[in-house]
Structure formats: structure tokens, C-alpha cells
2 protein chains.
Amino acid sequence: MSRPTIAAVAQAAGVSVASVSRVLNGLPATEEMAERVQRAVEQLGYVPDSRARSLKVGRTFQLTLAVADVGNPVYVTMMRAVEEVVSAAGYRLVVTTTGADVVDEVALVRGMARGYADGLLISPIRVDEDLVKSIRECGVPVVVAGNVPAKAGVDTVRANSPKGMLLAVDHLVAKGRTHIAFLNGPADTVPGTARAKGFADALKAHDLQPAGETEAADFTFAAGRAVGGEVLRSQPDAVICANDLLAVGLMHELVGAGLRVPEDVAVVGMDDSELAEQSFPPLTSVNLGSAERGRRAAELLLARIEDNDRRPRRIVVQPSLSVRRSTP
Amino acid sequence: MSRPTIAAVAQAAGVSVASVSRVLNGLPATEEMAERVQRAVEQLGYVPDSRARSLKVGRTFQLTLAVADVGNPVYVTMMRAVEEVVSAAGYRLVVTTTGADVVDEVALVRGMARGYADGLLISPIRVDEDLVKSIRECGVPVVVAGNVPAKAGVDTVRANSPKGMLLAVDHLVAKGRTHIAFLNGPADTVPGTARAKGFADALKAHDLQPAGETEAADFTFAAGRAVGGEVLRSQPDAVICANDLLAVGLMHELVGAGLRVPEDVAVVGMDDSELAEQSFPPLTSVNLGSAERGRRAAELLLARIEDNDRRPRRIVVQPSLSVRRSTP
DNA sequence: GTCGGGCTTGTAAACGATTACAAGAACGAT
DNA sequence: ATCGTTCTTGTAATCGTTTACAAGCCCGAC
């Protein structure tokens, strides 16, 4: 006993399938026709098949957002912004998780191909040629929140993390901290490389030597905690972390080692996610414009759906610093 | 210039559409056939349309998880567990957000109806008859992570929050706290009512009077903070909070008011989400089995997809207490 | 030489909706 | 009464796949 189709409804109501479709889509119909159809629909518990519908009309009114790790609060900020834009435009947003692995991302893009959604917004953590290739071949408009080579010819929205790093270092130096360490995530990721370079440049701009540089296994709380001891070995008076999760993980280790934040060691996160506000002490964090990136990326996606031949755009969002109590 | 179809590929390769389909689906074919098809696919950049495909085969191999608030870390725990189960079974998981509003949930269930996914796992925060009705009419297997009336006849997996409350109160009493307050979320929600009742019963079991009961506007950090002052008015020596976000929000206010956790006030959260571990001090929290609920719910969903006529099951997952440093 | 069996390949009928087009009904104007 | 308009309704084509079925081919066995 499979689900009823529009034909069953038509038969039950004693009308044609076209009439059923028309009533259901709110096209003009007589009172009596509408009534009969409604009754039949009710009685059979008919639910239209959206696959068939979207196959015919060519759109699903669904958009997909693919993120690396749903546990990373930076994505909730971004997700909220995206959601707002796309739902205002009449689309439903669905979120899917890629692993941190690039092959997962490729598989996702491939699988997400034509049909499941009208567009894809992806925030990849690692990028290689396969990914770029799969994006181009994907068959549905894609915009990337992150950094891909310009020659890839895809719409991108990215953060300016070097500038963000500079803001963080400026702030710390202004507060008299000069022995600054960096806690990075995996260096073979897009944000990892960008932030490492940004850190180096920012210190150079102030004629400072890095107190130390540590690479965590992941951009996660647990990874930050795991390498906390290592970070402290250089006895820094401040640590900049590649994201908020790492920063919070580190702070736990600092406190565990009997150090005070910010008196003994100042800590700066990046992303300015909800966690920065929730952590204790509240975390000074570089706002890389996640919300704005989400919003702009969503707008780009909508525009590309509208007109697939438009010239690819590459937007860079400027950072700001949210100063909280984890720095003096 | 729309995307190429299988017919275009067939023409380019000089074979029939059936052959193309067969090659693409890995059915036996001669070396030469496979080669010609592959070449044509490559050359045209053909991507199969999954709508058409799933219309024909009757499955999408996608499952949807609908949660109220992506910012609530309890859902990431659940989501990870669900993801693990369903991806092992060969399904892709997509997540979508309902507001806290029940009409949004209904709209979602309706909209998610037949076609977008092979099944729906929903964790509703408010439940009414419309929602139950829409679930039954949805046309696709649904399992609810939460509490709906038994007569609704749907598969459910829910937590035992009264028992959880009891664990929390037991623990606090064992540590000598007797002036216990409760910080609830909105009382007109399913978890809100369950936890309020659980709290009352648990105190009664210990012959205690509640120090106070406060209702926050939402199950969020901000809402917890906002009513922090109110919670403190009754000068409790311990506060149990309806979830971790509220607890962390409250702790910020406690510290702001010059109180120490746990020396002056002990704080207990519920959900035992990642945030409990990340907060400072780490939060003692009632583990309501989010991961297990996610896992069991996913299993139920898979089973129902397999056999839609099976008798609905109602699973209750038992709680445990994760003691951390926010209690003595 | 003919027949049957196993392959490979093609033709065409689904899947379940939307919608262009045509046909019929109703109705007013002439 | 006839005609033309407008409005409603039905028929059938279509979206892009998969797949049942049939047809063709090649081969070995009789």
C-alpha cells in the first residue's frame, strides 16, 4: 500500500489530474472543484512528491550549506546569517557535514550534484584541485566561503585573516605584551596556512620575535587542550589562537597550570563565535566577519542562481577585534 | 545552454540511453561500451539528475534531521551520533533548523514531505496536535526525539528527565546543599514542563522546599544571563538549570555578582553537551543520553524505512550524572 | 544447417508531478 | 438563433532517469 499519487486523488474526486494540480497550486478553480479536490486529498492523506514536482519545474527551492564540523561554533554564526538571507528569498536551507578531509568534501560536492538542491554553499577546510574540479562539474551553482585560487573561477567570500592577526597583535602590543605565541590548527589547511603567515607578518610589522608556534591536531577544544602544555613551554605573556575552540581549550590548561588569564597570560581567539562570549573569562577574539561572510555568500549564491553566466566575484570581508576580558 | 542529459550523452557516444545508464550504474558492459560512455560523460561534463533518478528508484538515500536551534550544543552531540549510524547505512544526513515555534515545525514537516528525504528525525521543542497530525500525514517515515503522546503512534526516543533531576538533587544534597533553585527554560515547551515537574518531584523526594524557580525566555545563553539576577534573589546554595546554555549564562552572572562557583553557589546543567566540558569551571551536568538518543532514534528510523508497518516503539534512555567542578 | 542459450544492446514504459493546448460550457451581444 | 468571448476542465506531452522486455548477435551442440 504505497502512498497515493495525484492520479488517485483525481480518481477519488472524479476529476482530472490537471484539475487536482491546479487546485493544489492555487490556480483559479470553481468553488465546487476546490472542495471536491480538498476532500479527496484529505481523505486519502495525499502528499505531493516533491521530486516529481521539482523535476518538472526545474527547481527544488532548497539550498545546501556544507560545513566541516558542526561542533565548531563559528559555523552557527555563519549558518544563522545564511539562513536569514535564503529564507527571505523563499528557499529552505539544509546543512550537511563534510569531514575535515578533502576527499569527503569532493564526495559531497559530487553527490550533492544536480537535483538535491538549487545551490551549494561550501566552506572547505582543505582545498585541492579535485575539489575545485568537482565544484565546476557539480552542475549546480556553488559559492565557496573560504579561499580558492582565483583561476578556479568560482564565487568566493573570504576573511582577511592577516589583517585580523595584525589587529590582535596591535592590541596585545598596546597592552604591553611582547612575548607572543601562536597556537595554530593543522597547518595544511586553508585557514591554518593563512593564519600562520598572518601571524608571522604581524609580528614582523612590530619587530617582534614569536615566542613560539604550536600546531594542534584539529581546530577543536580537545586539540587545544592537548597541546596546552607545549604552548606554555616558551612562557609567553600572550597567546593568539587560530580559532575560539583552541583558545578555550588552551585557557583550561592555563588555569590548570595555575596561571591567570589575562594577568599572567593574555589569550586571543579568532572567529568571535558565540563561544567567545560564553567562555570564562570572556574571550577577546578577532571577528573575521562570519555573519557577514555568510550573508554575502548567500547573496552571491542567490545571484548566481538567478544568472549563471555572471562573472565570478571574489569578496573579502574585513575583520575587527572584539575585546573582552581575556586580554588586559 | 542547460546541463546535458543522459540523452545527450547517449547521442555523443553513439549508444542508447539505457547503455549509458547501465555503465553509470556499474552494470555489466563491454570494455568498449564503458569506454565510449565514459568519454562522452567526461567531455560533456554530464552529471545525473538525482531528482529524476530518485523519482524512478523511489529513494533518495538522504535523511533529514530537524532541530530547533543549531546554536544549542546538545544537538551537535545528537547529530554526531545520528550521522554515524545513518552514514554507516549508506545514507547522507542533512540537517535543517526549525524555529522554536511549533508552526515552523509543522511547516517543516509538511514541506519535508515525500521526496526530499527518505526519512525524518525531528526533535521538536513544542508539540501540539497539528504537529502530530502533520507527522502522520507526512508521507515519509518519521521518528521523534522527544516526547509525544503514546496515542500518536509514532516512534519516539526520549530522555528520562525526572530521573535526571533526581540524580542532580541527590548529588547536591549529598554535598550538603539544601537551598536549591531551578532555572528553567520556557515552561510551555516539552522539555520545560518535564524538567519543572522532575525538579518538583525530586525535591519532594528529599523533603525539601525549592529555593526558587525562574523561567528564562529561551533555552539560550543570553536568556540565562538575563534572568541571572532574579535567580539569585532567593540566595540559593545551588542552582539546577534546564540545560547547559542556561547554566553557563547563569554562571557568568554569578561571577559578575562576586559569587564563587561552586563554593558559594553550585551549578548543575543538563544535557552534558560539549559546552559543559568547555565552560569554566567545567559544568556538572545531567547526561540525558543525547548521543544514545541520537543513535537509537537513527536506528529506529532506519528500521521503519525498512518496514513501515512495524509497531511503533517508544524508547526511554536513562540519564547519568557527569560530575565536574561546578559542584563541590 | 538449424536450433537453443547466453550476451549485449536498444526500445519504450514507467516514476509522479506540471502545464500547453484543445475542447466544451456558459453567457451576453448581435 | 448564431456567433464570439471567456472561463473551466480534460488530454496528453514533458521533465530525466531506470529497467522490463525484446531483439540481435555470436557460438557451440546436435
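Order of the sequence lines fixes the chain letters, A, B, ..., with proteins taken first and strands second; residue numbering starts at 1 for each chain.
Between B:V190 and B:R126, every side-chain heavy-atom pair lies at or beyond the 4.5 Å cut-off. B:V132 has its side chain out of reach of B:V154: every pair of non-hydrogen atoms, C-beta onward, lies at least 4.5 Å apart. Put simply, the side chain of A:V95 does not reach to within 4.5 Å of the side chain of B:T96, judged on heavy atoms. Using a 4.5 Å heavy-atom threshold, the side chains of B:Y91 and B:D118 count as touching. Side-chain contact between A:V157 and A:V317 is present, with at least one heavy-atom pair separated by less than 4.5 Å.
Applying a 4.0 Å cut-off to non-hydrogen atoms, the residues of residues 7-20 of chain A that approach DNA chain C are A:A18, listed by residue number.
Between the P atom of D:dT14 and the CG atom of B:D49 lies a distance of 18 Å, rounded to the nearest Å. For the pair B:K56 NZ and D:dT17 P, the computed distance is 14 Å after rounding to whole Å. B:L55 places its CG atom 9 Å from the C1' atom of D:dC15, with the value rounded to the nearest Å. Rounded to whole Å, atom P of D:dT8 lies 17 Å from atom CD of A:E35. Summarising the geometry, the separation between CD on A:E31 and P on D:dT9 is reported as 11 Å, rounded to the nearest angstrom. Put simply, CG on B:N25 is 10 Å from C1' on D:dT19, counting in whole angstrom units. Note: CG (A:L27) to C1' (D:dT9) measures 13 Å, nearest angstrom.
Counting non-hydrogen atoms of other residues, nucleotides and ligands closer than 6.0 Å to CD of A:Q11 gives a total of 12 or fewer.
Of the possible polar contacts, one joining the A:D49 side chain to the A:A52 backbone as a donor-acceptor pair under 3.5 Å is found.
A salt bridge (charged side-chain N to carboxylate O under 4.0 Å, His left out) with B:D155 holds for exactly one of B:R304, B:R314, B:R311; it is B:R304.
Salt-bridge formation is detected for the pair B:R80/A:D69: a Lys NZ or Arg NE/NH1/NH2 atom is positioned less than 4.0 Å from an Asp or Glu carboxylate oxygen.
Within 4.0 Å (heavy atoms only), B:S21 reaches at least one base atom of the nucleic acid. Within the nucleic acid shown, B:R22 comes within 4.0 Å of at least one base atom, counting heavy atoms only.
Between A:T5 and B:M33, it is B:M33 whose nearest contact on DNA chain C lies nearer the 5' terminus.
Between chain A and DNA chain C, the heavy-atom contact criterion of under 4.0 Å yields a 5' to 3' nucleotide range of C:dG16 to C:dT19.
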